[in-house]
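Heads up: the structure comes next, in C-alpha cells.
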2 protein chains.
Amino acid sequence: MGRPRDTRVDQAVLDAARALLAEVGYAGLTMDAVAARAGVGKAAIYRRHATKQALVFAAAVHGVELEPPPDTGSLLGDLEALARVIVAHLGNPAAAPALMGLLAEAGADTSLGHALCSALIEVEREGNAAVLERAVRRGELARLPDIDLFHAMFGGTVLSWMLVVRLPTDELPRRLAEFMDKALRASH
Amino acid sequence: MGRPRDTRVDQAVLDAARALLAEVGYAGLTMDAVAARAGVGKAAIYRRHATKQALVFAAAVHGVELEPPPDTGSLLGDLEALARVIVAHLGNPAAAPALMGLLAEAGADTSLGHALCSALIEVEREGNAAVLERAVRRGELARLPDIDLFHAMFGGTVLSWMLVVRLPTDELPRRLAEFMDKALRASH
DNA sequence: GACTTACGAGACTAAGAGTTCCGGAACTGT
DNA sequence: ACAGTTCCGGAACTCTTAGTCTCGTAAGTC
C-alpha cells in the first residue's frame, strides 16, 4: 500500500555513508552530510535507519559476508587465507572506522554489542572453527585446540596490528600464519 | 604570578572523569557532568584540559604506569604475569571505555594516535621485549622472536577477549601464557 | 478518484563541546 | 596597603549535530 521505497535511495544512502566513513571517520560523519552526498532528504535516511549507529552498521558491517576461508590443502595455507580475509576486511577504508566507532559505543549499549557479535564475531568464529576442524581431519593436529583463545588471538592480533599499532600489512598474513601454524602443532 | 591552581581541583576533576567513564562510558561522558560531579566550574576543567579527549586521556591513560613485568624465573611465569598486568589494566572500569573511545577517535586525528602510542603502546612493547630478552638469556629461547608480531598478538588477544568477544577473564592469563610459551619455544 | 506511503527540502528541538563574562578570592611584587 | 594577575564557581552564550516534524508533491494500491 502506498508509494514503494525507491531502491536507488537505499543504495545511495549506503554508498554515501561508506564514502564519508572512509573520508572523515565515524565521529566526523554527520547525517546532514550523508543526506547531501546521497542527494536525499534526511527523512529518507531515518525512514530506513533509526539512528546513526544503525546506519553505520548497515553500511559497513551488515552483510559484509566474510567469505568462508577456502580449503587450501594445508593448515598453514588455510591460516594465511584466513588472515588475508580479515586483513582485507579491516583494510577497507570504511570498515575500520565504522568498527572502531561502533565498538566504542557498544561498551554502554548492550543491544549494539549483541548485533555486532552475531553479525561479525560469530561468523568469524565459525570460519576459524572450520579451519581447525579441517586440520584435525587431515591429521595435522592431534586434537581441536582452544577455539575461544584461537579466535581472540587471530582476530585480536590483526585488529591490534592494523588499528592500534598501525604497521604495514604486506607481510602480516604470512608471518601470523606461520607463527600460529607452529604454535598449534606444538600445543600437543 | 597570580593565584595558584588549586590541586584539589585537579584531583577532583580527574576523579569525576574516571567515575563517569566507568558509569556512562566515553560517549556518555559530558563536560557538564564532570564539572557538576567534581563541584567545579567548566572553565576550571578547560583551564587544565583543552578538550574532552585530553581530559579522558589525562584521567585514564596518562601516568597509568603499567608496572614492568616481574622476573618470575621462567618464561611461562613471566608471560602469565605480563598477561595479568594487561588484564588488570583493561579490566579497570574507567580505562576500557576510555581506551576504546580514544582509539576510535584516533582514526582521524593523528596527534592523538601519537600520544596514545608513546604513552601506552611503546611502554607495553618495552615490557614485552624485556620478558623475551630474559628468556633468551636464560636459554629458554634460542633467539629473539618477532617482537612486533608478539606485541600485537599479546595485547591484541587480551583486547579482543575482553572488549570485543567479552568473555570472563579468570583463566585468560594462564591459558594465553601457556599457549604463547609453547608457541615461542616451538618457533625455533 | 480516494487513500496511503514515499520523496526532497527545510524548519525545528534538544543536547553537548567549547567560550566568555561575572563577582570574588588568593597570591606576588612594590 | 595596594595594584596586578591568575585563579575560583556559576551561568549565559555560540555552534554543531542527532533526531523530529511539516511542507508540497510524486508514485503507487483499492
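Keep in mind it's a predicted model, so treat the numbers as computed, not measured. Protein chains get the first letters and strands the later ones, always in sequence-line order, with residue 1 at the start of each.
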Nearest listed nucleotide, side chain of [X], among [options]:
X	options	result
B:M1	C:dT28, C:dA17, C:dG8	C:dT28
A:V40	D:dC8, C:dG8, D:dA18	C:dG8
A:A44	D:dG9, C:dA17, C:dG8	C:dG8
A:A43	C:dG18, D:dA18, C:dA9	C:dA9

Send over the distance from [X] [atom1] to [N] [atom2], rounded to a whole Å.
X	N	atom1	atom2	answer
B:L29	C:dG16	CG	C1'	11 Å
A:I45	D:dT17	CD1	P	14 Å
A:K42	C:dA9	NZ	P	13 Å
A:Y26	D:dT17	OH	P	14 Å
A:M31	D:dT20	CE	P	10 Å
B:D32	D:dA12	CG	P	12 Å
B:H49	C:dG18	NE2	P	13 Å
B:R48	D:dG9	CZ	C1'	12 Å

### Message
By the 4.0 Å heavy-atom rule, please label B:R8 as base, sugar-phosphate, or nothing.
### Response
nothing
### Query
Considering heavy-atom distances to DNA chain D, does B:D10 or B:G2 have its closest nucleotide positioned more toward the 5' end?
B:G2
### Query
Side chains of B:V165 and B:S160: does their closest heavy-atom pair fall under 4.5 Å?
yes
### Query
Hey, are the side chains of A:I86 and A:L159 touching, using non-hydrogen atoms and a 4.5 Å cut-off?
no
Between [Y] and [X], is the closest basic N to carboxylate O distance under 4.0 Å?
X	Y	result
B:E80	B:R84	yes
A:R5	A:D10	no
A:D78	A:R138	yes

#### Entry: 5' precedence on DNA chain C between B:K52 and B:P4 (nearest-nucleotide basis)
B:K52
### Rounded distance [0.5 Å steps], NZ in A:K52 versus OG1 in A:T30
7.5 Å
### Query
About how many Å separate CG of B:L21 and OH of B:Y26, when rounded to the nearest 0.5 Å?
9.0 Å
### Query
Do the side chain of B:R3 and the base of C:dA26 come within less than 3.5 angstrom through a donor-acceptor pair of N or O atoms?
no
### Task
Would you tell me if any nitrogen or oxygen in the side chain of A:R5 comes within less than 4.0 Å of OP1 or OP2 on D:dA26?
no
### Task
Give the dot-bracket string for DNA chain D, reading 5' to 3', where a pair is Watson-Crick or G-U wobble with both distances under 3.5 Å, ( ) marks pairs inside the strand, [ ] marks pairs crossing earlier ones, | marks a partner on another strand, and . marks unpaired.
||||||||||||||||||||||||||||||
